[in-house]
*Asks:* 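My structure is below; once you've seen it, I'll send some questions.
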Number of protein chains: 2
Amino acid sequence: MFEKYNEKDISMTFAKGLEVLEAFSGTDRSMTIPNIAEKTGLNRTVARRLVLTLQYLGYLECSNRVYKLTPKILGLAGEFLQGRDIGKHVTPILRSYSLKLGEGISFAMLDGTEAIYVAHSPSDPGMITQGFTVGYRLPLHATGIGRVLVAFSTDEMQEQLLQDAPRTAYTEDTKIDLEDLRLDLKKARINGYALVANEFEQGVTSLAVPVMRGSALIGALGIVGPTPRFEDANGLFERILALRECAEAIAVFA
Amino acid sequence: MFEKYNEKDISMTFAKGLEVLEAFSGTDRSMTIPNIAEKTGLNRTVARRLVLTLQYLGYLECSNRVYKLTPKILGLAGEFLQGRDIGKHVTPILRSYSLKLGEGISFAMLDGTEAIYVAHSPSDPGMITQGFTVGYRLPLHATGIGRVLVAFSTDEMQEQLLQDAPRTAYTEDTKIDLEDLRLDLKKARINGYALVANEFEQGVTSLAVPVMRGSALIGALGIVGPTPRFEDANGLFERILALRECAEAIAVFA
DNA sequence: ATAATTTGATCGATAATCGAACTTATGTTT
DNA sequence: AAACATAAGTTCGATTATCGATCAAATTAT
């Protein structure tokens, strides 16, 4: 179970506690103690102690026996973001290219078998921002950013991701066949970008390029928009070049 | 030590683990195990197990014995943000008022004895964004947002915050006297906004209004800029009105 | 008002955690 | 290059924090 990790080196209690914290996800934004116990599979008394610990430390607040996350959790995220110079350097760079292109640009990194948004520069005034925030998760197989993250991982990692990541068919066009995906990943690797149309949502296309430092993958930059907008070759190339320039500027940090 | 909390209801191991996670702050973005042990005051072997647990769960990554946070921590932040509709509703509202005013608007909430950034809409093109990101912490006593958060807390909480929050003198103008602050808080409460000039940084002023649901304080909205820009009364009133309108629009969510 | 259900408190057995001491690895100095 | 100094990994018995079955209290439903 613990692969290369020694069982003695893992603190069960701590792991369970984090499991409780992670339980506040999806639709379960506020939960009672029994809810949490059930969702995590922990004994009710155990869950209770871990929940009270989180409350004591300020990560959870309780009203009418219903617990929910407090903004304190953002503090931890802030440490990560500041540590990687996201606010100070990456976001401003994103923003300047975003204005140049007139499109929202997102920066995401690999987290387990998902992509996770690290920074986002919204599109021009008037456009509807799709509600992407820091910490938003995207599937790897059906998005431009995801496909780039897989394509530019090491061969070993790529295979692991192909095996482990879920391949939900979000639309009729979603590629879920492993061989189809392998081909597309190879294509992305050769082209230096990924263009994924209608696979996550009908009528929506995403374009992404890798952010590399040397041969090491750091993350991916992507833009999203209505599919027709990506059908003009000149416009597409212009976007790719701008994204690559942006990626290079970002690679210095992060 | 554990105030109203029963000692038996706090999981020491879990608390220690979170302490390790929190240790990755400020200048200590990457640390070795002995570093972490020293900073947290934990036994080295204990710190090691907690660190390995965090690594096993994907919250930390290690290269050359130096550990640092992974983007996974953003996932937890994302759950909070999605749970409060920040990305979907709050940020777009912020953005529309931001464009109307031509200034960056920030939304922050109370976290312990600090304010913490929950959402931010950057200012117009060209302006230098000050590197404020989600999770960024601000002192309560020397900023507009902080002062609003204290002023519109319950009397009991207000007094607690006055007692507990540190009062660093960031500039010559920083109010650190309790009575001065009490007076200013009263003023903010009556006026319905706080204007704090040169107390956090010379030449910089911040203006903030509360975000309330009924009589309950949810957070605060603020704008920051060069002090002279806030000296024109008409401009000031216009900003206050816009911020209040924005606050009301946001109060429905969060 | 009573029953049913949910939530909170108790406490001994158990097993996970702790940490001192030791071994191994790294990298720094002479 | 050898010796030293420092840092990291491992081991294992003592300790004590954690676990969870059981009971008590509170809340809600009938």
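Just so it is clear: chains get the letters A, B, ... in the order the sequence lines come, proteins before strands, and each one is counted from 1. Just so it is clear, the model here is predicted, and its values are computed rather than measured.
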*Asks:* Produce a footprint string for nucleotides 21-30 of chain D: one letter per nucleotide, 5' end first; B if the base is under 4.0 Å from any protein heavy atom, S if only the sugar-phosphate is, - if neither.
*Replies:* B-----S---

*Asks:* Side chain of B:Val46 only, heavy atoms from C-beta on: which candidate in D:dG9, D:dC19, C:dC18 is closest?
*Replies:* C:dC18

*Asks:* Testing B:Gln55, B:Arg48, B:Arg49 one by one against A:Asp9 for a side-chain hydrogen bond (donor to acceptor under 3.5 Å, both in side chains), which residue passes?
*Replies:* B:Arg48

*Asks:* Taking A:Glu159 first and then A:Arg182, would you say they form a salt bridge - that is, a charged N and a carboxylate O separated by under 4.0 Å?
*Replies:* yes

*Asks:* Checking side chain to side chain contact (heavy atoms under 4.5 Å, CB included) against B:Leu221, which of B:Cys246, B:Pro210, B:Ser106 comes through?
*Replies:* B:Cys246

*Asks:* B:Tyr67 OH to D:dG9 C1': how many Å, rounded?
*Replies:* 10 Å

*Asks:* Using a strict 4.0 Å threshold on nitrogen-to-oxygen distance, state whether B:Asp184 and B:Arg189 make a salt bridge.
*Replies:* no

*Asks:* For DNA chain D, what residues of residues 23-36 of chain A have any heavy atom nearer than 4.0 Å?
*Replies:* none

*Asks:* Quick one: are the ring centres of A:His141 and A:Tyr170 less than 6.0 Å apart?
*Replies:* yes

*Asks:* If only atom types and distance count, is the side chain of B:Arg213 paired as donor or acceptor with the main-chain N or O of B:Ala251 below 3.5 Å?
*Replies:* yes

*Asks:* Between C:dA9 and A:Arg48, is there an OP1 or OP2 to side-chain N/O distance shorter than 4.0 Å?
*Replies:* yes

*Asks:* Got B:Leu54 and A:Phe14 here, is their nearest side-chain heavy-atom distance under 4.5 Å?
*Replies:* yes

*Asks:* Between atom CG in A:Leu50 and atom C1' in D:dA17, what is the gap in whole Å?
*Replies:* 12 Å

*Asks:* Would you say B:Ser11 places a side-chain N or O within less than 4.0 Å of OP1 or OP2 belonging to D:dT18?
*Replies:* yes

*Asks:* Would you kindly give the CZ-to-P distance between A:Arg49 and C:dA9, to the nearest whole Å?
*Replies:* 13 Å

*Asks:* Between A:Leu52 (CG) and D:dC19 (C1'), how many Å, whole number?
*Replies:* 15 Å

*Asks:* Please list all pairs passing the salt bridge (charged side-chain N to carboxylate O under 4.0 Å, His left out) test where one or both residues lie in residues 77-86 of chain B, with sequence neighbours left out.
*Replies:* A:Glu61-B:Arg84

*Asks:* When the axes are fitted on five pairs at both termini, how much does the helix from C:dA1-D:dT30 to C:dT30-D:dA1 curve, in 10° steps?
*Replies:* 50°

*Asks:* Please state how far atom CG in A:Leu42 lies from atom C1' in D:dC19, giving the value in whole angstrom units.
*Replies:* 11 Å

*Asks:* Which residue pairs pass the side-chain hydrogen bond (donor to acceptor under 3.5 Å, both in side chains) test when at least one of the two sits in residues 245-254 of chain B, sequence neighbours left out?
*Replies:* B:Tyr97-B:Glu245

*Asks:* Could you check whether the rings of A:His120 and A:Phe132 sit parallel, tilted or perpendicular, using 30° and 60° as the cut-offs?
*Replies:* perpendicular

*Asks:* Tell me whether the side-chain N/O atoms of B:Lys16 come closer than 4.0 Å to OP1 or OP2 in D:dA17.
*Replies:* no

*Asks:* Could you give all pairs that pass the salt bridge (charged side-chain N to carboxylate O under 4.0 Å, His left out) test and reach residues 24-43 of chain A, with sequence neighbours left out?
*Replies:* A:Asp28-A:Lys39

*Asks:* Please state how far atom CZ in B:Phe14 lies from atom P in C:dT17, giving the value in whole angstrom units.
*Replies:* 13 Å

